[in-house]
Amino acid sequence: MSNRQVLIGLVAQHNNDHPNHFFLARAYSQAIINAGGIPLIIPHQPPKQLASLLSQVRGVVLTGGVDVDPQRYGEEPHPGCGEISPLRDELDFAVADWALRHDLPLLAICRGIQVLNVALGGTLFQDIPAQVAGALKHRQQAPGWYGTHEVQLEPATLLSSIWGGSLKVNSLHHQAIKRLGTGLRLAATASDGVIEAVESTEHRFVVGVQWHPELMEEHCPAARELFRKFVEAAAAD
Ligand code: MN
């Protein structure tokens, strides 16, 4: 099957600024198109319908957004925890669970890596500045296409096969993985020890990145490679 026919689901974004809207930042769909896939935005819907929809896509993207409800990983809310959307959590965790159970290729971006980790029993730092001593600035005040900190890639990972030993990335997050979920391995770390990427050891293609490669790809050809590999994995079946 050619890449032109590879339907990729993208989880719709939702927040309290516009509670009556589902939406998707254009860069996500553009990155999928640039990689040869067909983007399909997935809104919140009943579980049965969602399962039927997911059985028709070849891969799925967990997109960025507001914070995961800490109750999902057994914690009370820290004062530094940001906005949460119960509707978004319900959608994202249903999609993550389905994809993991069916070995559907999954690319998890920013909030997505956090959902992926919690779906596999891991936990999060609710606020990096408050909870990680000596942390870098992970909420950059620079354009999204511009990389502000380095990440070191772990050898023998899928991400190191794309980018080698290190990579400059953007940083638009205030939460991060605390304890890794079951079946995930570390793939990239910032110099302050904050986890910046993970991969599943038990699936064909389950990758989470804490940065936003979709915002970098216009200026940084290396960022495009991740979407290309993802769509390739989705096409392979
Ligand atoms: Mn970062």
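Order of appearance sets the numbers: ligands from 1, and atoms from 1 within every ligand. The first residue in the sequence is number 1, and the count goes up from there.
With rounding to the nearest 0.5 angstrom, the CG atom of Leu62 is 5.5 Å from the CG atom of Asp92.
Sorted by first and then second residue, the ring pair (Phe, Tyr, Trp, His ring centres under 6.0 Å) pairs with a member in residues 101-124 read Trp98-His102; sequence neighbours excluded.
Other residues sharing a hydrophobic cluster with Val194 under the 4.5 Å side-chain heavy-atom criterion for ILVMFWY residues are Phe125, Ile128, Val132.
For the side-chain hydrogen bond (donor to acceptor under 3.5 Å, both in side chains) test, no residue two or more places apart in sequence or in another chain qualifies with Ser29.
A donor atom on one side chain and an acceptor atom on the other are found under 3.5 Å apart for His138 and Glu196.
For the side-chain contact (heavy atoms from CB on, under 4.5 Å) criterion with Ser200, the lone passing option out of Val207, Leu120, Leu184 is Leu184.
Taking distances strictly below 2.8 Å, the protein N/O/S atoms close to the Mn ion (ligand 1) are His138 ND1, His149 NE2, Ser171 OG, His173 NE2, Glu196 OE2.
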